[in-house]
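Just so you know, these numbers use all the heavy atoms, side chains as well, and skip hydrogens, waters and symmetry mates.
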Amino acid sequence: MTVLRSTLLTDHGFIHGFSTRAGGAGEPPFESLNLGRGLGDPAATVARNHEIFRQAVGYQTPLFEVSQVHGDLIVEVDATRDVREVRAIEADALIGTGAVTIGVRVADCTPILLGCTRTGAVAAVHAGWRGVENEILLSTIDALCAKTGSTPAMLVGAIGPHIRVANFEVGEDVAERLATVAARVGVTDVIRSRPDARPTVDLTRIVIGQLTNRGVRHDDVGGHTFAEPERFFSYRRDGLTGRLLAVISAAAVGTEHAP
């Protein structure tokens, strides 16, 4: 199967990966590597896909996820937490320390993974347009720094596959609200007006602007969920569909000496 990885996170020793839809088990409309539970795909198939993905990424520690609701709550986890208990919490970002792996699911929204190069602590963020408007990424960066006593310059981040500007159509009111959010981090020209159609918004530019505003080094692994049906699930394109997963493992020790 194909796992997308960030050069930046890899160079700093973080085990991580962004899934595609290739290389797993499953029947339409979930073929093949659906990693989302409770969508109608048999639980045994999803569990098999999680194991396939785990082996491909190479993480060995328990995977923590939350019940994502397009909000702004951040959950902190370590190895003392119960995986099932955390999975029931309504939130959209996690911070992990110790022997844990954390992940967020997407099917058009933007997944962002963060790692602290000094302490090995990590964060995972699920940011759709509501999350971007709520500035959940900025809040997570601030919370990760507060948790570790680090600065944003000590963090590295990666943006995963998501819907890109050509197909991210929204209403005029949402577009203006997102433009206001973008302006707060010095980003302009995020709205593309179209004749006889609703505007589209460049979420990628806003997320990059938020990372840049905080001084977090980052890269983008690429991938346009809506426009690449062979590689990615897309809720906007297909409606009933699977979910991609972005995961990152906390490092056992700090990685401050990594390049």
Under the 3.5 angstrom rule, does the side chain of [X] hit a backbone N or O of [Y] as a donor-acceptor pair?
| X | Y | value |
| --- | --- | --- |
| Asn49 | Ser32 | yes |
| Arg130 | Gly71 | no |
| Arg243 | Val104 | no |
| Thr45 | Ala25 | no |
| Arg105 | Arg37 | no |
| Thr117 | Met154 | yes |
| His218 | Ile159 | no |
| Arg118 | Thr148 | yes |
| Asp78 | Thr80 | yes |
| Ser67 | Glu90 | no |

(request) Output yes when Arg164 and Asp220 qualify as a salt bridge under the 4.0 Å nitrogen-oxygen rule, no when they do not. (result) yes
(message) Between the side chains of Arg237 and Asp108, is the shortest nitrogen-to-carboxylate-oxygen separation below 4.0 Å, so that they form an ion pair?
(response)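 The answer is no: the pair does not qualify as a salt bridge.
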Please find the pair of heavy atoms, one from [X] and one from [Y], that lie closest to each other, and give the distance.
| X | Y | value |
| --- | --- | --- |
| Arg231 | Gly223 | NH1-CA, 4.4 Å |
| Ile95 | Ala123 | CG1-CB, 4.1 Å |
| Gly96 | Ala250 | O-CB, 3.8 Å |
| Asp189 | Arg205 | O-NE, 3.8 Å |
| Leu35 | Val46 | C-CG1, 4.2 Å |
| Ser249 | Tyr59 | OG-CB, 3.3 Å |

Report the distance from atom [atom1] of [X] to atom [atom2] of [Y], rounding to the nearest 0.5 Å.
| X | Y | atom1 | atom2 | result |
| --- | --- | --- | --- | --- |
| Glu133 | Arg177 | CD | CZ | 4.0 Å |
| Asp202 | Ile163 | CG | CD1 | 11.5 Å |
| Thr101 | Leu94 | OG1 | CG | 11.5 Å |
| Leu211 | Leu114 | CG | CG | 6.5 Å |
| Leu39 | Tyr235 | CG | OH | 10.5 Å |
| Asp219 | Leu8 | CG | CG | 5.0 Å |

(message) Over 60° means perpendicular and under 30° means parallel, so tell me whether Phe226 and His224 are parallel, tilted or perpendicular.
(response)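 Tilted.
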(message) Surrounding CD of Glu230 (heavy atoms of other residues, nucleotides or ligands, distance under 6.0 Å), is the total greater than 12?
(response) no
(message) Surrounding CZ of Arg194 (heavy atoms of other residues, nucleotides or ligands, distance under 6.0 Å), is the total greater than 12?
(response) yes
(message) Set out, in order, the CA-CA distance, both residues' side-chain angles and the distance that settles side-chain contact (heavy atoms from CB on, under 4.5 Å) for Leu244 and Thr225, then state yes or no.
(response) CA-CA 10 Å; Leu244 307 166; Thr225 51; 4.0 Å; yes
(request) For the pair Thr10 and Arg5, evaluate side chain to side chain donor-acceptor pair (under 3.5 Å) and give the outcome as yes or no after the intermediate values. (result) CA-CA 7 Å; Thr10 299; Arg5 290 184 173 87; 5.5 Å; no
[X] vs [Y] side-chain heavy atoms within contact, under 4.5 Å:
| X | Y | answer |
| --- | --- | --- |
| Glu65 | Leu245 | yes |
| Ile15 | Thr61 | no |
| Trp129 | Val201 | no |
| Glu176 | Ile191 | yes |

(message) Glu51 vs Arg54, test: salt bridge (Lys or Arg N to Asp or Glu O under 4.0 Å). Steps then yes/no.
(response) CA-CA 5 Å; Glu51 180 58 19; Arg54 185 195 68 76; 2.7 Å; yes
(message) Restricting to side chain to side chain donor-acceptor pair (under 3.5 Å), what partner residues turn up for Asp92, sequence neighbours left out?
(response)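 So Asp92 forms a side chain to side chain donor-acceptor pair (under 3.5 Å) with His126.
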(request) Give the intermediate values and the outcome of side-chain contact (heavy atoms from CB on, under 4.5 Å) for residues Arg214 and Asp142. (result) CA-CA 9 Å; Arg214 283 298 191 270; Asp142 294 345; 2.9 Å; yes
(request) Start with the C-alpha distance between Ile89 and Arg81, add both sets of side-chain angles, then the distance that settles side-chain contact (heavy atoms from CB on, under 4.5 Å), and finish with yes or no. (result) CA-CA 12 Å; Ile89 299 172; Arg81 299 292 298 270; 3.6 Å; yes
